[in-house]
Structures are given as structure tokens and as C-alpha cells.
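Whatever order the structure lists them in is the order used to number ligands and atoms, beginning at 1. Residue indices begin at 1 and follow the sequence shown.
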Amino acid sequence: MIDQFGRTVRGLRVSLTQRCNLNCIYCHHEGEGGISSEMTRDEVLRIIRVAKSLGVGRVKYTGGEPLLRRDLPEIISGTIAMGMEDVAITTNGTLLEERARELWDAGLRRLNVSMPSIRPCVYASLTKGALAEVFAGIKVAKDLGIDIKINVVIMKGINDDEVDELVGYAKEIGGSLQLIELEDLNLDPEFFRRHYFDLTAVEGRLDTMADRVEARSDMNNRKRYIMGSLAVEVVRPANSTHFCANCTRLRVTSDGKLKPCLMRSDNLVDVLGPMRAGCSDGEIRRLFEGATRLREPYYRQAS
Ligand code: SAM
């Protein structure tokens, strides 16, 4: 599937639920609105199977909190069984201690843990959760052999002074680190105005700390700073024509709609409705092709 801007769709980001056991003050909810119906396991796997037949090789499960789905291990093992090259989840990590084993047994080998602060009080004020649970979950997952990437949205006056500590923690657990610029989506405008933090200075600092810097051609050409065994990535989507020009991802909302762009909700393509009305795989393929035609870079050079 190649869109009108020459961008091939290589990955799906699938939201499995909008339910969450945390309440992060900065959360963009993956660009989704309120609570709605959820796809069943079989519906998720059918959508993925059709996407695979169209050349998609990567799947990331998100939410809400994907670990709230009891059937997550079956969804993961079903996805892996189709021969997807890369299957991962993004989680807040609070339920990992009890569930990491099931995920490992299902075949999961890679996950992202969102940890917006390494300081318990700051973490609690941002998420209403307990950082100790996240640390415990990371330890269990890491001991099993799952690769961990720590995701941190950096916010001015909240956690912008934690970068060195986060680098130290990621090194200590043998994981990697992803620093993310705050996106203005589903947020209180005043919160965004006060806490948006431009990561240019952080990139400069990482430059001086890194042994070398790479660009990930598979992921929006984002920069990766290599420091010994640690890789630190910086994700800067805000106002970035470069980020959008290199986007290879299509989204699926928790209620089964193809979402061509995180930032837009006016061009969704419903798949769950047609599936529940008995449509064929060929029709689902056409819905995917239609959604691909609707893909446009959200930020682009004025022509
Ligand atoms: N509950 C899961 C978790 O915590 O990872 C999945 C949902 S969360 C919305 C998915 C990712 O979005 C996390 O990595 C989080 O850091 C990121 N995120 C949430 N709000 C954001 C925002 N306003 N700007 C940038 N990234 C954001």
C-alpha cells in the first residue's frame, strides 16, 4: 500500500481499548474520542491478517492500556503466528509484574513502557499511579528476556531536568530510551502552552554524550544516539514536515476504524461495521486501500 505521497504503509498501530487504569494528565489518547465498543480478539486478528496480505510487517498494540485486555496474550500469539516480522506493545507497565510471563509465553519479545518520570512523586502527580509497580514490572519483563524501551514525554517545568537520570536508569536495566516531544492533541491548550518543551537542546546534549548518531530509516528517520550498549531515540513530531514525510504507519482505533493520521479524526474508515455485517476479506482489503489513499502528511511544505 503506497499513498499519493509515495509513502509505503509498513506498520499498523492498533488500539485495543480506550480503558486505562491510569489518568495521565498529558495523554493524547492516540487521537481517539470517548469510550466506545471494542473489537474482539478474532476481529483484531482478521484485520491484521488482511493487512499482512497487503504487505504490512509490523504491529504495535496500544490503548488505553492494552494489558487491561485479558486476551492480549492470544492476540499477540495470533499475530506472531501469521508471520509478522515485528510485534510489540506499548504499556504503562503497572500490570506487567503479574502479566509479563503470559506475554513472554505468547511470544512477545519487545515492549515500550511509558514512564513520564523517574521520581515517584512526579510520576504520581502526572499519572495517579505508583512508580514502584512500574519498576517491579520492568524487572520481571527484563528478567524473562523481553527488550524494554522506556518512553518519556518531556514536559517543561515537570520532567525536563530528568534526562541524565533517565539515561542512567535505561543503562542500568539494559534497556533503551525514547524521549518524546509533547503533542498538542486532546490536551488542555493551557497545559500545552505551559509545558511544551522543544527537544533541540536535549538533542544537543545527547550529541555530546553519544559515541555516534544514527537515523532510523524505518521510523520517520528519527535520530538514535548510541552510548555504549544504550540507544536513546528522540521523537519530534510537532510541526515536523520531516516526521510526516517519513511516516509509514496506519492506525486502527479501538472501535475498528482505520485512522490515516494520529492528528485527524475526520477521515476515519470503518472496518468493524462492515465486518460485523458480513463483508469479505476482499472488501476489507479495499477499505485498507481507501484509507491509504486518504493518507496525507499532516505537516507539509507549502507548495
Ligand atoms: N497505556 C499505554 C502506555 O502508557 O504506553 C498506551 C497508550 S499511550 C497513549 C501511548 C504512547 O503515547 C505512550 O508512549 C505515551 O508516552 C505517548 N503519549 C501520550 N500522550 C502524548 C502526548 N500528548 N504527546 C506525545 N506522546 C504522548
| What atoms of ligand 1 come within less than 4.0 Å of a heavy atom belonging to T91? | 2 (C), 3 (C), 4 (O), 5 (O)
| query | Non-hydrogen atoms of N112 versus ligand 1: any pair closer than 4.0 Å? | reply | no
| query | Salt bridge between R46 and D281, side-chain N to carboxylate O under 4.0 Å? | reply | yes
| field | Check: H29 N/O within less than 3.5 Å of ligand 1 N/O | value | no
| Close approach, E181 and ligand 1, non-hydrogen under 4.0 angstrom | yes
| said: If the cut-off is 4.0 Å to any non-hydrogen atom of N151, which atoms of ligand 1 fall inside it? | reply: 14 (O)
| Residue portion contacting ligand 1 (non-hydrogen atoms closer than 4.0 Å) for R19 | neither
| request: Mark up the atoms of ligand 1 that fall under 4.0 Å of a heavy atom belonging to G64, in ascending order. | output: 1 (N), 2 (C), 6 (C), 7 (C)
| query | L182 and L187: side chain to side chain contact (heavy atoms under 4.5 Å, CB included), yes or no, with the steps? | reply | CA-CA 10 Å; L182 182 67; L187 289 191; 3.8 Å; yes
| said: I need the atoms of ligand 1 closer than 4.0 Å to a non-hydrogen atom of E30, numbered in the order shown. | reply: 9 (C), 10 (C)
| query | Quick one: nearest non-hydrogen protein atom to atom 18 (N) of ligand 1, plus distance? | reply | H28 NE2, 3.5 Å
| task | Identify which of M155, E183, K149 has a heavy atom lying nearest to atom 24 (N) of ligand 1. | result | E183
| said: Just verifying a value: how many Å separate L12 CG and L250 CG, rounded to the nearest 0.5 Å? | reply: 6.0 Å
| said: Determine whether F191 and Y26 satisfy the following criterion, side chain to side chain contact (heavy atoms under 4.5 Å, CB included), listing intermediate values before the conclusion. | reply: CA-CA 8 Å; F191 179 88; Y26 61 90; 3.9 Å; yes
| field | Nearest-contact summary for atom 11 (C) of ligand 1 - protein heavy atom, Å | value | R13 NH2, 3.8 Å
| field | Worked verdict on L179 versus L206 for side chain to side chain contact (heavy atoms under 4.5 Å, CB included) | value | CA-CA 11 Å; L179 305 176; L206 293 174; 4.1 Å; yes
| said: To check your reading of the model: name the closest protein heavy atom to atom 23 (N) of ligand 1, its residue, and the distance in Å. | reply: Y26 O, 2.8 Å
| message | Could you walk me through whether Y169 and M115 satisfy the side chain to side chain contact (heavy atoms under 4.5 Å, CB included) test, starting with their C-alpha distance in whole Å, then the side-chain angles of each, then the deciding distance to 0.1 Å, before giving a yes or no? | response | CA-CA 11 Å; Y169 174 71; M115 209 180 79; 3.9 Å; yes
| Going by the order shown, which atoms of ligand 1 are within less than 4.0 Å of some heavy atom of S114? | 3 (C), 4 (O), 5 (O), 13 (C), 14 (O), 15 (C), 16 (O)
| message | Would you say that more than 12 heavy atoms from the other residues, nucleotides or ligands in this model lie under 6.0 Å from the CD of E165, or not? | response | yes
| task | Just jot down the ligand 1 atoms closer than 4.0 angstrom to any heavy atom of C27, in number order. | result | 9 (C), 20 (N)
| remark: In ligand 1, the atoms that come under 4.0 Å of a heavy atom of I180 are 25 (C), 26 (N)
| Is it true that atom CZ of R119 has more than 12 heavy atoms of other residues, nucleotides or ligands lying nearer than 6.0 Å? | yes
| field | Y123-F135 aromatic ring centre distance below 6.0 Å | value | no
| remark: Ranked by distance from atom 26 (N) of ligand 1, the top protein heavy atom is V153 CG2, 3.5 Å
| Atoms of ligand 1 less than 4.0 Å from T62 heavy atoms? | 6 (C), 7 (C), 10 (C)
| Lys/Arg-Asp/Glu bridge criterion (N-O < 4.0 Å) met for D3, R7 | yes
